[in-house]
Amino acid sequence: MSSSSAPSPASGRVDLDGAPVAPLTICMIGAGGFIGSHLCEKLMAETSHTVLAVDVYCDKIRHLVDPAPPHLVGRISFHRLNIKNDSRLEGLIKMADLTINLAAICTPADYNTRPLDTIYSNFIDALPVVKYCSENSKRLIHFSTCEVYGKTIGSFLPKDHPLRKEPEFFVLTEDESPCIFGPIVKQRWSYACAKQLIERLIFAEGAENDLEFTIVRPFNWIGPRMDFIPGVDGPSEGVPRVLACFSNNLLRREPLKLVDGGEVQRTFLYIKDAIEAVVLMIENPARANGHIFNVGNPNNEVTVRELAEMMTEVYANVSGEPPLEEPVIDVSAQQFYGEGYDDSDKRIPSMTLINKQLGWNPKTPLKDLLEMTLTYQHKTYKEAVKTQMSQASASS
């Protein structure tokens with residue numbers, strides 16, 4: 001290839017080994033969602049990469065694609081299609097250098113009530129994406145979940161057993177920790193099982209057919225545009241994930257519902273920190289290919305009860321409204337999620353591999369990311385929630 005036809009470096013960017021990063025065409029499936037919208041913004045603002053944004057909806061990226069601002073024309077295009085049954089998908093993957101698959105049903109309330117949709121969305125619907133990437137020798141970054149780890153080894157020990165405090169019994173490591181799920185009657189594991197199976201398929205494609213892949217296991221990424229607020233930009237009966245669920249309660253001045261006492265422990269990562277990690281994967285294929293990466297913040301570990309208390313305090317500061325006298329109430333998992341719910345006790349990621357391969361570490365403390373997120377939620381939703389509540393009251 002002559003120097004005149006070689007791709008130019010992406011805005012003078014270099015990879016972690018000092019080599020110029022050539023502009024890429026990226027087919028991003030699920031670009032209109034929470035993670036996809038932040039990743040599109042980052043790629044448009046800081047790189048010269050081109051994005052073929054694939055999704056059913058574009059609300060969260062409308063400011064980028066409908067229409068594209070003059071400086072982004074030719075750099076991002078929206079392709080409205082459902083990957084289940086659209087023949088255009090293979091053509092878009094063929095046009096791209098890299099495919100990123102973010103598409104999924106990933107709301108715990110759905111795992112119990114819509115287990116078939118959950119399995120189809122996370123395994124069956126992902127099969128053509130893997131197949132087209134493998135057959136056309138295209139690189140794939142596939143988004144999985146920290147839920148593939150299931151329950152920790154320590155959770156099977158007595159509650160007061162001293163080994164439960166030893167890291168090897170609860171810290172989750174990509175290439176060593178087992179994936180331990182509950183019994184089949186606990187439909188909650190339909191999501192984790194489907195995600196694990198597609199990971200195994202991708203890994204097998206790499207081993208047998210030389211598919212270049214990276215698998216991402218997010219650990220509770222949170223921030224603006226996460227999920228939905230029921231009755232405002234999502235179904236009234238919908239149950240989003242914990243941060244949006246608690247935000248909805250706070251906006252409506254309702255007590256926050258703690259499932260089974262809120263004793264499970266989780267870590268939370270700010271979306272902008274997470275996107276930095278994804279860009280490193282995109283631009284450092286030699287370091288990222290063939291790896292599964294935990295992407296989380298073990299420093300931001302809290303019980304769900306502690307999270308509720310922090311959010312109540314932060315929202316009172318953000319909104320200027322005093323907290324309720326009884327800010328939380330306890331509900332059972334069966335009351336909240338229905339029959340067949342089960343859960344993991346702790347999800348604490350090891351950061352050793354991603355730090356070694358990509359030099360990435362999370363930055364934002366939990367209190368700061370809650371302030372930024374709840375400020376956004378209050379500004380974006382407070383008036384809409386008020387209106388929706390008054391309309392519901394008038395019609396009752």
Side-chain angles (χ1 to χ4, degrees), residues 34-35 37-39 41-42 108 145-146 165 167 170-172 217-229 240-279 294-330 343-351 354-355 360-382 385:
F34 165 54
I35 297 171
S37 66
H38 285 276
L39 183 54
E41 284 180 345
K42 179 84 168 175
T145 171
C146 60
K165 292 185 165 59
F170 65 82
V171 173
L172 302 170
R217 290 179 179 166
F219 279 71
N220 296 297
W221 297 4
I222 61 177
R225 300 198 291 270
M226 180 182 178
D227 288 356
F228 60 91
I229 296 299
R241 284 170 289 185
V242 65
L243 184 112
C245 218
F246 285 172
S247 296
N248 183 47
N249 295 142
L250 292 166
L251 287 161
R252 297 174 189 277
R253 293 193 60 73
E254 300 169 346
L256 280 58
K257 293 178 180 175
L258 296 179
V259 175
D260 291 342
E263 296 309 310
V264 297
Q265 290 167 283
R266 296 290 182 264
T267 59
F268 295 91
L269 175 66
Y270 189 42
I271 183 64
K272 294 193 183 300
D273 291 353
I275 294 302
E276 295 278 356
V278 179
V279 173
N294 291 339
V295 186
N297 189 340
N299 301 319
N300 285 346
E301 181 196 358
V302 287
T303 66
V304 172
R305 179 175 289 275
E306 288 167 341
L307 176 70
E309 290 166 355
M310 287 182 74
M311 287 183 67
T312 299
E313 179 188 335
V314 169
Y315 189 73
N317 292 335
V318 163
S319 66
E321 299 172 357
L324 297 177
E325 283 187 23
E326 292 186 29
V328 299
I329 55 172
D330 288 339
D343 211 347
S344 50
D345 54 323
K346 288 167 82 85
R347 291 204 202 116
I348 315 299
S350 166
M351 293 285 95
I354 194 168
N355 183 258
W360 180 85
N361 279 303
K363 299 171 190 165
T364 310
L366 184 56
K367 186 90 180 276
D368 292 351
L369 72 86
L370 289 177
E371 280 182 7
M372 289 183 278
T373 304
L374 289 173
T375 298
Y376 170 87
Q377 300 284 69
H378 182 72
K379 284 183 178 173
T380 305
Y381 291 111
K382 185 61 182 179
V385 166

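Heavy-atom basis, side chains included; hydrogens, waters and symmetry copies ignored.
- Tested against Leu256 for a side-chain contact (heavy atoms from CB on, under 4.5 Å), the candidates Val242, Asn249, Ile329 yield a single pass: Asn249.
- At a threshold of 4.5 Å between non-hydrogen side-chain atoms, the residues Lys42 and Glu276 count as touching.
- Side chain of Thr380 to backbone of Gln377: no donor-acceptor contact under 3.5 angstrom is found.
- Proximity of Glu309 to Pro327: side-chain heavy atoms (C-beta onward) are nowhere separated by under 4.5 Å.
- The backbone N or O of Leu172 sits less than 3.5 Å from a side-chain atom of Asn294, completing a donor-acceptor pair.
- Here Thr312 pairs with nothing under the side-chain hydrogen bond (donor to acceptor under 3.5 Å, both in side chains) rule; sequence neighbours left out.
- The main-chain N or O of Leu269 is never found under 3.5 Å from a side-chain atom of Asn300 such that the two would form a donor-acceptor pair.
- Between Pro349 and Arg347 there is no side-chain heavy-atom pair separated by less than 4.5 Å.
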Walk me through whether Asn299 and Thr267 qualify under side chain to side chain contact (heavy atoms under 4.5 Å, CB included).
CA-CA 7 Å; Asn299 301 319; Thr267 59; over 6 Å; no

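- Annotation: side chain of Pro255 is not in contact with side chain of Glu326 (no heavy-atom distance under 4.5 Å).
- With rounding to the nearest 0.5 Å, the separation of CG in Asp260 from CZ in Arg305 is 11.0 Å.
- Under the 3.5 Å distance criterion, the side-chain polar atoms of Trp221 are left unmatched by any main-chain donor or acceptor of Phe34.
- The closest side-chain heavy-atom distance from Leu258 to Phe246 is below 4.5 Å.
- With contacts defined as side-chain heavy-atom distances shorter than 4.5 Å, the pair Ile354/Val295 qualifies.
- When the shell of 6.0 Å around NZ of Lys257 is examined, it contains 12 or fewer heavy atoms from other residues, nucleotides or ligands.
- With hydrogens and angles ignored, the 3.5 Å screen pairs no side-chain donor or acceptor of Arg252 with any backbone N or O of Val385.
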Side-chain donor-acceptor distances from residues 363-374 under 3.5 Å, at least two apart:
residue, atom, partner, partner atom, Å
Thr364, OG1, Asp273, OD1, 3.2
Thr364, OG1, Asp273, OD2, 3.0
Thr373, OG1, Leu369, O, 2.7

